[in-house]
Amino acid sequence: MLSLDFMRNALLAALCVGLVAPMVGIFLVQRRLSLVGDGIGHVALAGVAVGVATRGSPVWSALLAATLAAVLIEVLRARGRTSGDMALALMFYGGIAAGVVIINRAEGAQTGNLTGFLFGSITTTTRGELILFAVLSALIAGTVLLLRQRLFAVAGDEEYARASGLPVLALNITLGVLTAITVVVAMRVIGLLLISALMIVPNAAAQQLAGSFRAASWWAVGLGVVASVGGVSASYQLDTAAGGTVVLLAIALFAVATTVGSLRRALARARHRHAERHLHEHGPGCGHEAVSHGDHVDYLHDGHRHAAHEGHYDEHAHGPQPPPEDSGRVGHEVTR
């Protein structure tokens with residue numbers, strides 16, 4: 001496979017997409033705009049049609065159309081003239097309708113010319129397009145790393161971010177433009193109709209495995225690379241469509257991550273030792289000796305030390321009370 005020039009180009013393009021799509025997608029997930037990639041992708045289709053009809057560069061015309069759509073969506077949302085989902089609906093229907101009309105009006109062009117962009121045609125990626133995709137991917141990654149904390153603040157709570165003095169509209173527009181660029185980078189790999197999956201599914205899988213935003217972002221990038229590069233490699237071996245194979249592999253990784261996450265949570269609950277059930281309620285004046293234990297208080301009860309926790313008692317230690325100087329260092333047997 002690696003002896004073929006077009007497959008080397010395809011794998012490098014897949015690597016670029018796998019790296020940057022989850023980096024942008026994690027902020028879309030936080031903002032509950034998981035389908036924004038689809039909306040922008042439909043508008044990018046109109047740009048592709050313009051490029052095909054004018055015998056120009058479909059990549060550049062798609063990039064221009066997608067960027068304008070991303071800016072328009074954020075401006076409409078900010079001014080309150082229409083809601084986010086309504087703006088996306090307009091992009092969905094208007095973009096694909098414009099693409100079909102333009103391509104049908106072009107001399108010598110047919111809707112079949114759009115198939116490779118709709119569903120991906122990674123084996124036709126040229127060296128020039130690969131260089132362009134690499135430059136755009138570096139731009140996306142650099143911008144995300146530079147604005148990471150600000151984008152996270154805005155995605156988490158726009159009102160708080162605005163009150164903190166952050167330029168919310170500018171940051172939202174920046175995220176929209178990054179999404180548009182990601183769509184264009186990925187359209188050759190998995191197609192405009194499937195690009196949103198590679199932005200969202202690795203992040204959904206990462207949330208099953210990580211306990212923080214930072215960890216989830218790294219997990220998502222890793223899973224995105226595995227899905228994109230692995231999917232393209234598998235499509236070559238199985239003689240299947242690259243875009244669909246990439247997305248199916250991403251969904252399979254999500255299923256595995258969900259299973260692993262469920263098992264981890266089940267094991268954590270099993271290690272969370274509850275005290276034996278009893279009617280006595282511990283607290284000040286209950287008649288049992290209180291023992292300071294880190295940031296809470298345990299109560300000695302029949303040779304056990306119990307600590308109140310969410311409607312039940314946890315078993316933290318056995319035996320007599322330790323010396324006062326060691327009371328804060330007694331290890332918990334409970335796994336939170």
Going by heavy atoms in the side chains, are [X] and [Y] under 4.5 Å from each other?
{"X": "L4", "Y": "Y236", "answer": "yes"}
{"X": "V24", "Y": "I140", "answer": "yes"}
{"X": "R214", "Y": "R148", "answer": "yes"}
{"X": "L11", "Y": "S233", "answer": "yes"}
{"X": "L12", "Y": "F133", "answer": "no"}
{"X": "Q30", "Y": "L151", "answer": "no"}
{"X": "T259", "Y": "Q208", "answer": "no"}
{"X": "W60", "Y": "V184", "answer": "no"}

Rounded to the nearest 0.5 Å, how far does [atom2] of [Y] lie from [atom1] of [X]?
{"X": "I181", "Y": "L139", "atom1": "CD1", "atom2": "CG", "value": "5.0 Å"}
{"X": "Q237", "Y": "T245", "atom1": "CD", "atom2": "OG1", "value": "11.5 Å"}
{"X": "L132", "Y": "C16", "atom1": "CG", "atom2": "SG", "value": "10.0 Å"}
{"X": "M23", "Y": "S137", "atom1": "CE", "atom2": "OG", "value": "10.0 Å"}
{"X": "L166", "Y": "Q149", "atom1": "CG", "atom2": "CD", "value": "10.5 Å"}
{"X": "I40", "Y": "S196", "atom1": "CD1", "atom2": "OG", "value": "9.5 Å"}

Got more than 12 heavy atoms from elsewhere within 6.0 Å of CZ, R150?
no
Please check if [X] and [Y] belong to a single hydrophobic cluster, counting links between Ile, Leu, Val, Met, Phe, Trp and Tyr side chain heavy atoms closer than 4.5 Å.
{"X": "L147", "Y": "V20", "result": "yes"}
{"X": "L249", "Y": "L238", "result": "no"}
{"X": "I173", "Y": "L175", "result": "yes"}
{"X": "V71", "Y": "V183", "result": "yes"}
{"X": "L15", "Y": "V135", "result": "no"}

Identify the heavy atoms of [X] and [Y] that sit nearest to each other, and give their distance.
{"X": "G176", "Y": "A70", "value": "O-CB, 3.1 Å"}
{"X": "T182", "Y": "M199", "value": "CG2-CE, 3.5 Å"}
{"X": "L198", "Y": "A227", "value": "CD1-CB, 4.2 Å"}
{"X": "P22", "Y": "G224", "value": "CG-CA, 3.9 Å"}
{"X": "A220", "Y": "N203", "value": "CB-OD1, 3.2 Å"}
{"X": "L63", "Y": "T67", "value": "O-OG1, 2.7 Å"}

Start with the C-alpha distance between V232 and M7, add both sets of side-chain angles, then the distance that settles side-chain contact (heavy atoms from CB on, under 4.5 Å), and finish with yes or no.
CA-CA 9 Å; V232 170; M7 280 306 299; 4.0 Å; yes
Using the benzene-type ring in the case of Trp, are the ring centres of F152 and F27 under 6.0 Å apart?
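Not close enough - the centres of the two rings lie 6.0 Å or further apart.
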